[in-house]
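This report concerns only the one structure given below.
Reminder, nothing fancy here: chain letters follow the sequence lines and each chain counts from 1.
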Amino acid sequence: MTKTKLFALMGASTLGLMMASHAVQAQQSGYLSFLIDNGPQSVAVAEAWVAAYTEANPDVTIDIEVRPGGGEGDNIVKTRLATGAMADVFFYNSGSLFQALNPTQNLLPLTDAPFQANVQDSFKSVVSAGGEVYGAPFAPAMGGGIFYNIPLYAELGLEVPKTWDEFMANNEKIKAAGKVAVIQTYGESWTSQLFVLADFFNVLAEVPDFAEKFTANEAKFATTPAAVRGFEKLQAVFEAGYLNEDFGAATYPDGLRMVATGEGAHYPMLTFGVGAIAETIPDHLQDVGFFAQPGDDAAKNGLTTWMPDSIYAAKTTSSPDLAKDFIGFIASPEGCDIRNEAVGATGPYMIAGCELPADVPPAVSDMLPYFAEGGQNAPALEFLSPVKGPALEQITVEVGSGIRPAAEGAALYDEDVRKQAQQLGLEGW
Amino acid sequence: MKQRTSIIGGFAAIAATFVVFVIPFLFIILMAFKDRQQSALRDFSWPNGFHLFDNIFEVVKTRNWMMITAFINSTLITVVSVTLLIVFAAMVGFVLARRKTRFNGLIEFLILAGLMIPPAVVPTIWLLQGLKLFGTLHGMILIEVAYNLPFSIILYRAFIATIPRELDEAAVIDGARPLDVFFRIVLPLLWPVTVTNIVVQSVGIFNDFTNPLYYLPGNGNATVQLTLYNFQSQFSTAYNLLFTNILLITIPPLIVFLFFNRQIVAGMTAGAVKG
């Protein structure tokens, strides 16, 4: 945005503010820019929100801007925050990436906004810094676990495994039937981390204070048997020969296609993959189920969860009240309904009063019991500890392709983590 | 015998060209004909149906006809920056080659520094904001000129050294003013290297991706390469639309090249013969 445009907007929005302050409940007016990532789901849902909001407030104009995701997207968000050229409202990760934005300096606190009363505390904790809350949930929560192909399970008479041994026994039968038991897609290295990251519920079940000790440099992956298990599982599926032949070159879309069409039986992934399946292979959406990564004890079976990404307002925004109102609209039950309508439901919402439609895909309904009363779930390590080594995906590719044994991989990850912890200036490293 | 080996060599060269240049292009075209499901396989197969026009329409109308804005912006940026580049680079090269002063070494060092030192994004944006040029097309044009100027200058300076000084002197004796000497005598003689400059720089600027990404935010400022991000994202990519988009933005430069092919080749060989 140019400076002159900015001044004009400031004028327009202060005018809007004056009008708004005169009448409570008055309609909003003014201009907002809204920066989102370029995932088709984000674009679709953002357009639906903006359409609904501007219909209710005809004097508001909202401009959607799209940025790439991944590392390039990180650079853009940080560059624009650093230069004061950030859009009024924008979308970004929560948790450790959020902390890297220097929120107290760059973001507008939303602690006192009325909509925060309905947001779950577990979400607030991952978008808080220096005692203030800065975000509102953009999407439903996600689970990390294993997608499976339902028709293949029915055909071979398999049951959803509750323990790792049952899982491996299923894999053996699938392999004997001439199918790919476990799909891995190291062509996109981030997908290789799932067996390790999604195993974290099982780590916590054994060592409840692992996260705190890990942050304080008292617990290590390599020396905690429960934590090494994740790496061992990765090694085990490779050594048993369960992987698809092209696991080194296949990509994430390949993996989703294979598990949906029954070319493979299991694909460890985050549940947000449901959205991509709905988009590319809608005919097979009903064929994909989901279960949490099994641990060693059937009684302690639970899901590792990921907090959704978040919406923030930039501190430099010229119309903070309008920005807060718009974010409040997104984080309302109405906003959830619009999301369900636009892109479908991919998981439980973090906002009180938000309902899922009755006809969610099986992979989503399989996930709900873990969140319901009596179900067990725990957040992934990256939401409990700021320490996440940048090279985990390279290490898990090595372990998962049999280049490096699990124990060595875990030890190497501990080394990788040390560098990051020292950069963050944590105590005890 | 000798003839046979040369024929075999010729065929090998044609085959290599086919594999390197034509097959990827065929792949793009085939992908542009497919629907979303089939394109997700990313294999070299015959399309299941004819979806080209659907794909083109979808690509052009996405995000409120962004493609059209993008073509206008990219064309403007490319044409204006290449024009400025050629005029400025030829002038600097001319002066550097003709006038020997004790500052020449320093100037050449600065030009090389411009070529070697990578520009930093955030300070550049601060500078642009200070000049009120950030997020504007003319700001972007100045950036492209600044980033590409050193390379063009080096090309020109080397070439101008081969033009005999007597030509300028003759022109001066005939009463040409300095600007006449440059625009009417020297610049036309520089045609071969100018063509090289146009080709290299316009391809580079038209295809520039990262600079517009950082220096030209906003929907109204999209350039053609940025429209690729409408269809390609971190977790989900519509390959049929992505490749249709690639096809659409590859065609204009291709047409320009076909059209100017003769002049480009003529320009280059003219330079070669002169030696």
Side-chain angles (χ1 to χ4, degrees), chain A residues 1-7 33-43 47 63-76 78-87 188 190-191 250-254 256-258 260-261 269-270 272-273 275-284, chain B residues 34-43 58 62-64 66 70 120-140 209-222 225-242 245:
Chain A
M1 197 188 306
T2 59
K3 270 275 165 64
T4 43
K5 218 167 163 187
L6 207 110
F7 282 128
S33 49
F34 184 19
L35 182 71
I36 54 169
D37 84 316
N38 63 349
Q41 300 227 334
S42 311
V43 176
E47 281 176 351
D63 218 357
I64 300 177
E65 253 186 78
V66 174
R67 64 164 173 86
E72 197 81 71
D74 294 346
N75 287 343
I76 290 191
K78 284 175 190 159
T79 308
R80 291 186 61 175
L81 281 173
T83 54
M86 189 33 113
E188 279 173 49
W190 64 269
T191 62
T251 58
Y252 167 69
D254 294 332
L256 291 177
R257 192 197 69 241
M258 290 168 80
T261 56
M269 190 31 62
L270 293 169
F272 75 153
I277 296 176
E279 205 163 285
T280 36
I281 334 154
D283 301 342
H284 289 285
Chain B
K34 294 177 182 176
D35 61 3
R36 172 97 196 238
Q37 264 93 330
Q38 200 195 355
S39 69
L41 297 172
R42 276 166 297 145
D43 53 359
E58 182 69 34
T62 301
R63 313 252 312 113
N64 207 3
M66 191 196 237
V121 173
V122 172
T124 313
I125 293 180
W126 281 335
L127 180 68
L128 287 173
Q129 282 175 329
L131 297 169
K132 309 232 181 288
L133 285 172
F134 182 57
T136 61
L137 282 184
H138 39 287
M140 188 68 233
F209 180 76
T210 41
N211 289 326
L213 187 64
Y214 288 108
Y215 299 124
L216 207 52
N219 284 335
N221 289 330
Q225 304 301 327
L226 294 186
T227 60
L228 293 177
Y229 263 151
N230 286 338
F231 310 106
Q232 180 186 30
S233 63
Q234 194 180 7
F235 300 121
S236 170
T237 297
Y239 285 100
N240 55 336
L241 301 181
L242 181 67
N245 197 337

Q: Go through the atoms of Glu188(A) and report whether side chain, backbone, both or neither lie under 4.5 Å from a heavy atom of chain B.
A: side chain
(Q) Between Pro253(A), Gly73(A), Pro68(A), who has the most heavy-atom pairs with chain B when the cutoff is under 4.5 Å? (A) Pro68(A)
Q.
Let me confirm one number: the OG1-CD distance from Thr237(B) to Glu279(A), rounded to the nearest 0.5 Å.
A. 10.0 Å
Q | Most contacts with chain A, counted as non-hydrogen pairs under 4.5 angstrom, among Val122(B), Asp35(B), Leu213(B) | A | Leu213(B)
Q.
Run the side chain to side chain donor-acceptor pair (under 3.5 Å) test against Trp126(B) and tell me which residues pass, sequence neighbours left out.
A. none
Q) What closest approach, in Å, do Val66(A) and Asn219(B) show between heavy atoms, and which atom pair accounts for it? A) N-OD1, 4.3 Å
Q: Start with the C-alpha distance between Arg63(B) and Glu65(A), add both sets of side-chain angles, then the distance that settles salt bridge (Lys or Arg N to Asp or Glu O under 4.0 Å), and finish with yes or no.
A: CA-CA 10 Å; Arg63(B) 313 252 312 113; Glu65(A) 253 186 78; over 6 Å; no
Q | From Ile64(A) atom CD1 to Asn64(B) atom CG, the distance as rounded to the nearest 0.5 Å | A | 10.0 Å
Q: List for me each residue that meets side chain to side chain donor-acceptor pair (under 3.5 Å) alongside Asp254(A), sequence neighbours excluded, and say none if there are none.
A: Thr251(A), Arg257(A), Arg42(B)
Q: Working to the nearest 0.5 Å, report the span between CG of Asp37(A) and OH of Tyr229(B).
A: 11.0 Å
(Q) Please check this pair: side chain of Asn38(A) against backbone of Phe231(B), looking for a donor-acceptor N/O pair closer than 3.5 Å. (A) no
Q. With chain B, which of Leu256(A), Asp283(A), Ile76(A), Thr191(A) has the greatest number of heavy-atom pairs at distances under 4.5 Å?
A. Ile76(A)
Q. Given the options Ala82(A), Pro40(A), Gly273(A), Gly69(A), which has more heavy-atom pairs under 4.5 Å with chain B than any of the others?
A. Pro40(A)
Q) Quick check: does any side chain N or O of Gln37(B) sit under 3.5 Å from a backbone N or O of Ile281(A), one acting as donor and the other as acceptor? A) no
Q) How far does CZ of Phe209(B) sit from CD of Glu72(A), to the nearest 0.5 angstrom? A) 6.0 Å
